[in-house]
Amino acid sequence: SLSYLSASVSTLSQSAFSFSTWVYPVSASTSAKRYLYFATSSYSVSTNDAVSQLYVGTNGDLYFELFYQNKFGGAPKSPEWRFENFMDDYEDQFVHVTVTHDSGSGGELNPKLYINAVSSSWDTFTFGSFTATASYELLAPEVLYVGAHRDGSDGISSYSWRGKIDETQWWNTELTEAEVETLHNCK
């Protein structure tokens, strides 16, 4: 059976936040994504109502996405960052993963990734020409799923995490590198 955590999170921020967790990814014969977290909103950006998400793709890479609502209608934008070979490097072992972000007043897109408290560069960025403007705003999360993905009105999908998740935390601020290192060292 699949286990996950779901919580109402109306006070969580998207403009400045940090997500940190220990994970133990195991191989799974699946062609589905495996979600570490999935934040949703009542604003329908798709059948999944995504706000932000962190998951391992079918190729074993780690992905992070933020969703921006167009205040004047039209389709939302979802910039995506990718860290390649995550499963190749960290399968069957505990690893500390932290993503931090602060869009600031200018709406910059600069999430930081830390693997075992070491600042790690994203390998690719999709929607490279997208910049947050006055017509776009980050969607605010209302429900946070840890270890699962909500699939429209049908409930939890088969995109659940395979492995273990421990000590998951979310802050409404961007943690510093020293704070991330302290979290990692308190294992």
Side-chain angles (χ1 to χ4, degrees), residues 1-9 11-40 48 50-67 80-102 110-125 141-151 156-187:
S1 80
L2 301 174
S3 298
Y4 66 93
L5 169 74
S6 169
S8 175
V9 291
T11 59
L12 289 183
S13 169
Q14 276 289 90
S15 60
F17 69 88
S18 297
F19 174 82
S20 176
T21 191
W22 282 93
V23 296
Y24 189 99
V26 297
S27 79
S29 56
T30 178
S31 60
K33 299 174 184 175
R34 293 170 272 175
Y35 280 80
L36 283 168
Y37 89 80
F38 180 77
T40 68
N48 299 325
V51 172
S52 67
Q53 51 196 17
L54 181 66
Y55 63 90
V56 173
T58 58
N59 58 3
D61 294 348
L62 183 68
Y63 292 86
F64 174 66
E65 292 181 75
L66 288 172
F67 290 79
E80 172 188 274
W81 293 263
R82 183 173 73 172
F83 180 76
E84 296 173 355
N85 303 313
F86 180 78
M87 288 299 290
D88 290 343
D89 296 339
Y90 300 106
E91 185 175 43
D92 296 327
Q93 61 182 302
F94 269 105
V95 59
H96 187 243
V97 177
T98 303
V99 174
T100 68
H101 179 65
D102 187 353
N110 190 27
K112 295 179 182 114
L113 172 67
Y114 299 88
I115 303 289
N116 289 330
V118 175
S119 180
S120 303
S121 297
W122 297 103
D123 292 304
T124 60
F125 172 67
E142 294 177 1
V143 179
L144 178 67
Y145 294 86
V146 176
H149 174 273
R150 188 179 134 271
D151 190 12
I156 299 303
S157 73
S158 61
Y159 299 152
S160 298
W161 181 254
R162 302 292 192 257
K164 299 174 185 174
I165 299 176
D166 195 19
E167 298 182 29
T168 299
Q169 300 174 56
W170 185 294
W171 294 264
N172 281 340
T173 186
E174 181 180 33
L175 295 178
T176 65
E177 192 166 338
E179 290 170 323
V180 172
E181 187 173 350
T182 298
L183 282 172
H184 174 262
N185 293 335
C186 290
K187 53 185 170 181

Is there side-chain contact between [X] and [Y], with heavy atoms separated by less than 4.5 Å?
X      : Y      : result
Ile115 : Asp89  : no
Thr21  : Leu54  : no
Glu179 : Thr100 : no
Asn116 : Trp22  : yes
Tyr55  : Glu65  : yes
Trp81  : Leu62  : no

Can you label the angle between the Tyr90 ring and the Phe86 ring as parallel, tilted or perpendicular, going by 30° and 60°?
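Answer is tilted, since the angle falls between 30° and 60°.
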
List for me each residue that meets side-chain hydrogen bond (donor to acceptor under 3.5 Å, both in side chains) alongside Ser20, sequence neighbours excluded, and say none if there are none.
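Ser20: side-chain hydrogen bond (donor to acceptor under 3.5 Å, both in side chains) contacts with His96, Thr98.
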
Residues which pass side chain to side chain contact (heavy atoms under 4.5 Å, CB included) with [X], listed by chain and number, not counting sequence neighbours:
X      : answer
Asp88  : Asn85
Val118 : none
Tyr24  : Val26, Asp92, Phe94, Lys164
Asn59  : Asp61, Tyr63, Arg82

Please enumerate all residues that pass salt bridge (charged side-chain N to carboxylate O under 4.0 Å, His left out) together with Glu181, with sequence neighbours excluded.
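Per chain and number, Glu181 pairs via salt bridge (charged side-chain N to carboxylate O under 4.0 Å, His left out) with no residue.
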
Which heavy atom of [X] sits nearest a heavy atom of [Y], and at what distance?
X      : Y      : answer
Pro111 : His101 : N-ND1, 3.6 Å
Phe83  : Ser121 : CD1-O, 3.5 Å
Gln93  : Pro25  : O-CD, 3.4 Å

Is the closest basic N to carboxylate O distance between Glu177 and Lys112 below 4.0 Å?
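No salt bridge links Glu177 with Lys112.
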
Of Thr176, Leu183, Leu175, which meets side chain to side chain contact (heavy atoms under 4.5 Å, CB included) against Ser18?
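Testing each of Thr176, Leu183, Leu175 against Ser18, the sole residue satisfying side chain to side chain contact (heavy atoms under 4.5 Å, CB included) is Leu175.
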
